[in-house]
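These notes concern the structure reproduced below.
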Amino acid sequence: MTQLTQTATPAAQEPAKPSHLGRRLKAARPFLISVIAIVGGLVLWQLVSMTTSPLFLPSVSMTWAAALELIGDGTLQQSVIASSGRILAGWGAGALVGVPLGIFMGRFETVRQLLDPYIEFFRFIPPIAFVTLAVIWLGPGELSKIALIFYTTVFIVTLNTIAGVQAVNPLRLRAAASLGAGQLQILSTVILPSTVPFMVTGARIAMGNSFLTVVSAEIVSAREGLGALIWTARNFSRTEWVFVGIIALGLLGYLFDRVLRVATKKLLARYL
């Protein structure tokens, strides 16, 4: 009898495991909260739009109808493709230049002293200040817009990479040197892996700034693109088109950032 009691006791004290449905609901909870927040925002938008002029705030249904109109004639697709191409080209070029530049500036003091005055000077000048010069020097085509996005990206990536290099523990550098590692080995095996999180952060911040720059550049000198779409809507007093362009920018930025996060987690998981 005692043996039966002792055998049954642990089973009685075992905590109840959550059901399969409970686990699925717990996993879906963040998604459900996001959906509720979005639906709530749309409902609030619709209610507020009913109390004011459509020119001031178009309703959700009016904006949706405008989106379908722009999709129907291909304008929205062309705008998204044009802006995406410019952002990816300029941002990619800026990251490719900013990462090695930041590594060398962070690692070698002489390089940093030579280039730091230029970095500190130009990073405070907004890209929109160079729009006119970019058009004069590079023409009104794609190159001027890509150059402005490159300008936006390169300083942000460079500064974040410099911060990452300077944040490397000096003890690790001395340990690698005492084991016989040369400058190139220290750079590739110690500094570069430790700096990856800073590079990724800089690239993500630069991606957000690239959207700001592309809209400014497209407003000034572009026939296609989300910035040009917003400016055209303003000229024709089509506020609902403006909202479509703004929402498209937000969704496109969310998509780009999500893809970048997933890609870096898969490709650089060992460094993050």
Side-chain angles (χ1 to χ4, degrees), residues 78-107 111-112 114-165 187-188 191-192 195-228 249 252-264 266-268 271:
Q78 291 174 359
S79 300
V80 169
I81 292 171
S83 295
S84 298
R86 291 161 186 157
I87 290 169
L88 290 175
W91 172 83
L96 286 175
V97 173
V99 166
L101 183 61
I103 290 174
F104 280 101
M105 287 184 67
R107 178 59 178 159
V111 178
R112 185 167 65 253
L114 283 172
L115 298 179
D116 193 61
Y118 296 98
I119 297 289
E120 291 301 317
F121 176 79
F122 282 106
R123 75 185 184 93
F124 289 105
I125 303 175
I128 194 170
F130 286 105
V131 169
T132 303
L133 289 177
V135 173
I136 293 172
W137 291 343
L138 303 173
E142 297 299 307
L143 191 57
S144 59
K145 302 168 191 61
I146 293 172
L148 288 169
I149 297 170
F150 169 85
Y151 174 86
T152 300
T153 302
V154 68
F155 296 117
I156 298 173
V157 175
T158 298
L159 289 171
N160 275 272
T161 306
I162 291 172
V165 174
L187 202 64
S188 60
I191 294 176
L192 190 58
T195 312
V196 167
F198 292 84
M199 297 176 191
V200 173
T201 301
R204 290 184 62 194
I205 296 172
M207 177 70 77
N209 283 23
S210 297
F211 277 78
L212 171 65
T213 303
V214 78
V215 170
S216 303
E218 288 174 348
I219 285 176
V220 174
S221 64
R223 294 184 179 180
E224 290 183 345
L226 292 171
L249 281 168
L252 191 62
Y254 176 83
L255 176 64
F256 278 16
D257 185 70
R258 181 64 60 178
V259 170
L260 180 61
R261 288 172 63 184
V262 171
T264 51
K266 288 192 175 183
L267 299 175
L268 305 171
Y271 305 117

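For the single chain, residues carry numbers from 1 onward in sequence order.
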Next on the checklist: Is it true that, when you exclude Phe104 itself, more than 12 heavy atoms of the residues, nucleotides or ligands shown sit nearer than 6.0 Å to its CZ?
Outcome noted: no
Checklist entry - Looking at Asn160, Val165, Ile162, which hits side-chain contact (heavy atoms from CB on, under 4.5 Å) with Thr195? => result Val165
Next on the checklist: Working to the nearest 0.5 angstrom, can you tell me the gap between Thr152 OG1 and Phe211 CZ?
Outcome noted: 12.5 Å
Checklist entry - Could you state the interatomic distance from CG (Leu148) to CG (Leu138), rounded to the nearest 0.5 Å? => result 8.0 Å
Next on the checklist: I need the Ile81 CD1 to Leu252 CG distance, nearest 0.5 Å.
Outcome noted: 11.0 Å
Checklist entry - If you round to the nearest 0.5 Å, how far is OG1 of Thr158 from CG of Asp116? => result 11.0 Å
Checklist entry - So Glu142 and Arg86, salt bridge (Lys or Arg N to Asp or Glu O under 4.0 Å) or not? Walk me through it. => result CA-CA 7 Å; Glu142 297 299 307; Arg86 291 161 186 157; 2.7 Å; yes
Next on the checklist: I want to check something: taking the side chain as every heavy atom from C-beta on, are Leu101 and Leu115 in contact at a cut-off of under 4.5 Å?
Outcome noted: yes
Checklist outcome for this item: So CG of Leu255 and CG of Leu260: to nearest 0.5 Å the spacing works out to 11.0 Å
Checklist outcome for this item: When rounded to the nearest 0.5 Å, the distance separating OG of Ser210 from CD1 of Ile205 is 11.5 Å
Next on the checklist: Go through it in stages, so that I can follow the logic: the residues are Ile119 and Arg112, the test is side chain to side chain contact (heavy atoms under 4.5 Å, CB included), and I'd like the CA-CA distance, side-chain angles, deciding distance and then a yes or no.
Outcome noted: CA-CA 10 Å; Ile119 297 289; Arg112 185 167 65 253; over 6 Å; no
Checklist entry - How close do Ala134 and Ser144 get, heavy atom to heavy atom, and via which atoms? => result O-CB, 3.5 Å
Checklist entry - Below 4.5 Å, heavy atoms only, C-beta onward: do Val215 and Leu226 meet side chain to side chain? => result no
Checklist entry - Would you say Asp257 and Arg204 make side-chain contact, with heavy atoms under 4.5 Å? => result yes
Item to check | Lys145 side chain vs Ser221 backbone, donor-acceptor pair below 3.5 Å | outcome: yes
Checklist outcome for this item: Between Ala89 and Ile146, the two heavy atoms sitting closest are CB-CD1, 3.8 Å
Checklist entry - Can you tell me if Lys266 uses its side chain to pair, donor with acceptor, with the backbone of Arg261 under 3.5 Å? => result no
Next on the checklist: If you count heavy atoms of other groups shown closer than 6.0 angstrom to CD1 of Ile128, is the number above 12?
Outcome noted: no
Next on the checklist: Is there a side-chain contact between Phe122 and Val154 in this structure, where contact means two heavy atoms from C-beta onward sitting under 4.5 Å apart?
Outcome noted: no
Item to check | Minimum-distance pair of heavy atoms, taken over all atoms of Ala228 and Ala222 | outcome: CB-O, 3.5 Å
Next on the checklist: Whether the side chain of Ser83 engages the backbone of Val80 through a donor-acceptor N/O pair (distance < 3.5 Å, no angle test) should be reported.
Outcome noted: no
Next on the checklist: Which residue is it: Leu192, Val157, Leu268? I am looking for the one with a side-chain contact (heavy atoms from CB on, under 4.5 Å) to Met199.
Outcome noted: Leu192
Item to check | Note, Tyr151 side chain near Thr213 side chain (heavy atom, < 4.5 Å) | outcome: no
Checklist entry - Side-chain contact, heavy-atom cut-off 4.5 Å: Glu120 with Leu159? => result yes
Checklist entry - Heavy-atom distance under 4.5 Å between the side chains of Phe256 and Trp91, does that happen here? => result no
